A.B. asks: 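Below are the structure tokens for one structure; questions will follow.
The shown structure was predicted, so the numbers you read here are calculated from the model rather than taken from an experiment. Chain A is the first sequence line, chain B the second, and so forth, proteins listed ahead of strands; every chain is numbered from 1.
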Protein chains: 2
Amino acid sequence: MIKLSSENEKLKFKAEVFKAMGHPLRLGIIEFLRDEEKCVCEIVDFMGTGMSNISKHLSVLKKAGILEDRRDGLKMMYRLIMPCAIEFSSCVEQIVLKRLDKHRSIMVA
Amino acid sequence: MIKLSSENEKLKFKAEVFKAMGHPLRLGIIEFLRDEEKCVCEIVDFMGTGMSNISKHLSVLKKAGILEDRRDGLKMMYRLIMPCAIEFSSCVEQIVLKRLDKHRSIMVA
DNA sequence: TTATTGTTTTACTAAATAACGAAATAGTGA
DNA sequence: TCACTATTTCGTTATTTAGTAAAACAATAA
């Protein structure tokens with residue numbers, strides 16, 4: 001069966017969102033922004049890596065449509081604009097924890 | 001601020017789930033399996049690429065804990081075991097469509 | 001204007017990972 | 001054994017990632 005090309009286009013766009021979230025540092029940023037916007041400097045302090053590196057990851061998330069930024073004086077503030085990302089992340093977390101438990105009990109057995 | 005290492009471990013596991021979904025072909029497989037299990041041959045027919053390629057992508061999804069398989073005679077049947085993946089995928093789709101609309105209206109304006 | 005702060009971008013290196021097709025290798029059942 | 005379905009391995013090519021350093025940029029203060 002041949003898939004419609006518009007379907008493929010949609011899949012590519014959607015996959016880009018998942019790909020953007022598929023990196024520990026970027027996922028950490030998303031969770032850090034869960035409740036309120038933060039400046040780049042706060043994100044750098046929290047994540048513990050260089051500003052230039054964080055800035056690159058932020059631009060990936062922005063391009064994917066997951067974050068938006070806004071200037072506040074000298075600072076750039078970033079905020080989450082895809083609330084379902086947090087929901088899905090918690091769902092994945094539950095599954096991951098369950099798997100880790102299972103793994104642990106196999107190790108013990 | 002320094003992050004706990006167990007937090008980092010969890011982030012890595014979760015990121016793996018997102019990474020697994022961050023590929024058009026794999027996302028297509030997930031949506032194809034939305035309602036019922038399918039054999040590899042059906043997935044190959046639907047996605048339109050080689051079996052060896054599909055098989056590898058299936059193993060990525062299985063390893064991430066998104067799919068499970070079961071043998072039925074000669075065939076291997078795959079099914080989705082992470083229902084929230086579908087929910088999140090629809091949420092992302094809505095956002096992607098909105099962005100495409102906006103893009104289109106900018107192009108027209 | 002110049003200096004300072006906060007951020008982004010570009011450029012480069014090096015290592016790791018991912019993608020795909022083709023061929024070899026399982027498993028299962030007749 | 002043969003046919004069928006699926007997985008694995010191999011080799012090539014491409015992409016991703018981390019990291020650092022330097023330059024560019026934007027807004028504010030002196």
A.B. asks: Rounded to whole angstrom units, what separation is found between the NZ atom of B:K12 and the C1' atom of C:dA16?
C.D. replies: 14 Å

A.B. asks: Write down the distance between CE (A:M76) and C1' (C:dT5), rounded to a whole number of angstrom.
C.D. replies: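 Those two atoms, CE and C1', are 14 Å apart.
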
A.B. asks: Reckon A:R71 has a side-chain N or O less than 4.0 Å from the OP1 or OP2 of D:dA27?
C.D. replies: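 Yes, because at least one side-chain N or O of A:R71 sits under 4.0 Å from OP1 or OP2 of D:dA27.
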
A.B. asks: I need the single residue from B:R70, B:E42, B:E68 that forms a side chain to side chain contact (heavy atoms under 4.5 Å, CB included) with B:E37. Which is it?
C.D. replies: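 With B:E37 as partner, B:R70, B:E42, B:E68 yield a single side chain to side chain contact (heavy atoms under 4.5 Å, CB included), made by B:R70.
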
A.B. asks: Please state how far atom NE2 in B:H57 lies from atom P in D:dT8, giving the value in whole angstrom units.
C.D. replies: 14 Å

A.B. asks: Let me know, please, whether A:L74 or A:N53 comes out on the 5' side of the other along DNA chain C by nearest nucleotide.
C.D. replies: A:L74

A.B. asks: Measure NZ/A:K62 against P/C:dT8 and give the value in whole Å, please.
C.D. replies: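 Rounded to the whole Å, the gap is 7 Å.
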
A.B. asks: Select one nucleotide: of C:dT8, C:dA19, D:dT20, the one nearest the side-chain heavy atoms of A:K56.
C.D. replies: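 Nucleotide nearest to A:K56's side chain: D:dT20.
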
A.B. asks: Looking at B:T49, does any N or O in its side chain come under 4.0 Å of the phosphate oxygens OP1/OP2 on C:dG21?
C.D. replies: yes

A.B. asks: May I ask you to say what B:M51 touches in the nucleic acid, namely base, sugar-phosphate or nothing, with a heavy-atom cut-off under 4.0 Å?
C.D. replies: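 Base, at least one base atom sits under 4.0 Å.
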
A.B. asks: Anything under 30° is parallel, anything over 60° is perpendicular, the rest tilted; go ahead and classify B:F18 against B:F88.
C.D. replies: perpendicular

A.B. asks: I need the CD1-P distance between A:I54 and C:dT9, as an integer number of Å.
C.D. replies: 15 Å

A.B. asks: Mind calculating the distance between CE (B:M77) and P (D:dA6) to the nearest angstrom?
C.D. replies: 9 Å

A.B. asks: Determine, for B:F32 and B:K38, whether the Lys NZ or Arg CZ falls below 6.0 Å from the six-membered ring centre while staying within 45 degrees of the axis.
C.D. replies: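 That pair qualifies as a cation-pi contact.
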
A.B. asks: Categorize A:K19 for me: base, sugar-phosphate, or nothing, with a 4.0 angstrom heavy-atom threshold over every strand shown.
C.D. replies: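 Since only primed, P, OP1 and OP2 atoms lie under 4.0 Å of A:K19, the category is sugar-phosphate.
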
A.B. asks: Please report the distance, rounded to the nearest Å, between NE2 in B:H23 and C1' in C:dA18.
C.D. replies: 8 Å

A.B. asks: Any side-chain heavy atom of B:I81 within less than 4.5 Å of one from B:I66?
C.D. replies: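 Of all side-chain heavy-atom pairs linking B:I66 with B:I81, none is under 4.5 Å.
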
A.B. asks: B:Y78 side chain N/O closer than 4.0 Å to the phosphate oxygens (OP1, OP2) of D:dT7?
C.D. replies: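 True: B:Y78 side-chain N/O within range (under 4.0 Å) of D:dT7 OP1/OP2.
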
A.B. asks: Quick one: does B:S52 reach the base of C:dA22 with a side-chain donor-acceptor pair under 3.5 Å?
C.D. replies: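 Counting by modelled atom types and ignoring angles, a donor-acceptor contact under 3.5 Å is found here.
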
A.B. asks: Start with the C-alpha gap between B:K14 and A:E31, add the side-chain angles, then the distance that decides, and say whether salt bridge (Lys or Arg N to Asp or Glu O under 4.0 Å) holds.
C.D. replies: CA-CA 12 Å; B:K14 283 200 276 181; A:E31 298 187 354; 2.5 Å; yes

A.B. asks: Quick one: on DNA chain D, does B:E42 or A:G50 contact a more 5' nucleotide (nearest heavy atom)?
C.D. replies: B:E42

A.B. asks: Please give, in whole Å, the distance from D:dC4 P to B:K75 NZ?
C.D. replies: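 In whole Å, D:dC4 P and B:K75 NZ are 12 Å from each other.
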
